[in-house]
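Contents: one structure, followed by commentary.
As the structure is a prediction and not an experimental result, all values here were calculated from the model. In each ligand, atom 1 is the first atom listed, and ligand 1 is the first ligand listed.
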Amino acid sequence: MVNSMGRKGLFIDYEYCTGCKTCVVACRMEHNLPQDQFGIVVSEVGPWEIVPGDNHWQYSYVPIPTDQCCGCAERREMGKLPICVQSCQANVMKFGDIDELAASMQEKTKVVCYTIE
Ligand code: SF4
Ligand code: SF4
């Protein structure tokens with residue numbers, strides 16, 4: 001079993017992600033990234049009907065931090081949240097202790113976890 005004591009991470013409950021990409025824009029502006037580079041991207045999965053005629057669809061927006069995510073280290077040193085977390089109006093992104101976040105999301109089925117430190 002991996003000991004994750006004290007490790008920080010970004011948890012994204014993407015079931016309720018609207019695909020608005022505010023996090024993408026906020027991250028790029030905060031870190032002054034070039035047009036073709038991103039700290040986080042939002043992937044669109046679907047739509048497709050899983051069982052034809054069943055009206056059960058795969059259609060998700062999945063935010064994925066990239067290797068250029070620095071965890072907004074400078075903001076956190078000032079006691080602020082990562083800008084993607086702060087700017088998400090759907091409140092699906094959380095930053096904090098990995099163990100605590102994992103415990104709070106035990107009932108969730110659609111979660112992305114990105115370890116920051
Ligand atoms: S934590 Fe900061 S650097 Fe990482 S994706 Fe969010 S805004 Fe971008
Ligand atoms: S994570 Fe939040 S800000 Fe980013 S696309 Fe989803 S709803 Fe929008």
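Proximity of Glu30 to ligand 1 is not established, as no heavy-atom distance is less than 4.0 Å. The shortest separation from a heavy atom of Pro65 to ligand 1 is not under 4.0 Å, leaving the residue out of contact.
For atom 6 (Fe) of ligand 2, the closest non-hydrogen atom of the protein is Cys17 SG, 2.3 Å. For atom 7 (S) of ligand 1, the closest heavy atom belonging to the protein is Ile83 CG2, 3.3 Å. Closest to atom 8 (Fe) of ligand 2, if we only count protein heavy atoms, is Cys20 SG, 2.2 Å. In terms of protein heavy-atom proximity, atom 3 (S) of ligand 1 is closest to His31 NE2, 3.4 Å. What sits closest to atom 5 (S) of ligand 2 on the protein, heavy atoms only, is Lys21 N, 3.2 Å. From the protein, the heavy atom lying nearest to atom 2 (Fe) of ligand 2 is Cys88 SG, 2.4 Å.
Proximity of a side-chain donor or acceptor of Glu49 to a complementary backbone N or O of Gly53 within less than 3.5 Å is detected. No side-chain donor-acceptor contact under 3.5 Å links Tyr14 to the backbone of Ile64. Looking only at distances, no side-chain donor or acceptor of Thr22 sits under 3.5 Å from a matching main-chain atom of Ser87. In this structure, Arg75 contributes its side chain and Lys80 its backbone to no donor-acceptor pair below 3.5 Å. No donor-acceptor pair under 3.5 Å is formed between the side chain of Ser60 and the backbone N or O of Val62. Side chain of Asp54 to main chain of His56: no donor-acceptor pair is present (N/O by atom type, distance under 3.5 Å, no hydrogens or angles).
Atoms of ligand 1 found under 4.0 Å from any heavy atom of Pro82, numbered from 1 in the order shown, are 1 (S). Atoms of ligand 1 found under 4.0 Å from any heavy atom of Gly39 (numbered from 1 in listed order, with element): 5 (S). If you number the atoms of ligand 1 from 1 as listed, the ones under 4.0 Å from a heavy atom of Cys84 come out as 1 (S), 6 (Fe), 7 (S). Close contacts between ligand 2 and Pro63 involve ligand atoms 1 (S) [criterion: under 4.0 Å to a heavy atom]. Remark: ligand 1 atoms within the under-4.0 Å shell around heavy atoms of Cys70 are 3 (S). Distances below 4.0 Å separate heavy atoms of Ala90 from the following atoms of ligand 2: 7 (S).
With a cut-off of 2.8 Å, atom 2 (Fe) of ligand 1 has no N, O or S atom of Cys69 in range. Metal site remark for atom 4 (Fe) of ligand 1: Cys27 contributes no N, O or S atom at a distance under 2.8 Å.
A donor-acceptor contact closer than 3.5 angstrom is absent between the side chains of Arg28 and Gln37.
Using a 4.0 Å cut-off between heavy atoms, Arg75 makes no contact with ligand 1 at all. Residue Val92 touches ligand 2 through its side chain alone, judged by heavy-atom distances below 4.0 Å. Looking at Met93 against ligand 2, only its side chain comes within 4.0 Å, counting heavy atoms. Heavy atoms of Cys23 found under 4.0 angstrom from ligand 2 belong to the backbone as well as the side chain.
A search for side chain to side chain contact (heavy atoms under 4.5 Å, CB included) contacts involving Asn91 returns Lys94, not counting sequence neighbours.
Side-chain atoms of Cys113 and Leu10, non-hydrogen and from C-beta on, never get closer than 4.5 Å to each other. Counting heavy atoms from C-beta on, the side chains of Tyr61 and Lys21 never come closer than 4.5 Å.
When the shell of 6.0 Å around CD of Glu117 is examined, it contains more than 12 heavy atoms from other residues, nucleotides or ligands. Heavy-atom neighbours of Asp67 CG from other residues, nucleotides or ligands within 6.0 Å: at or below the threshold of 12.
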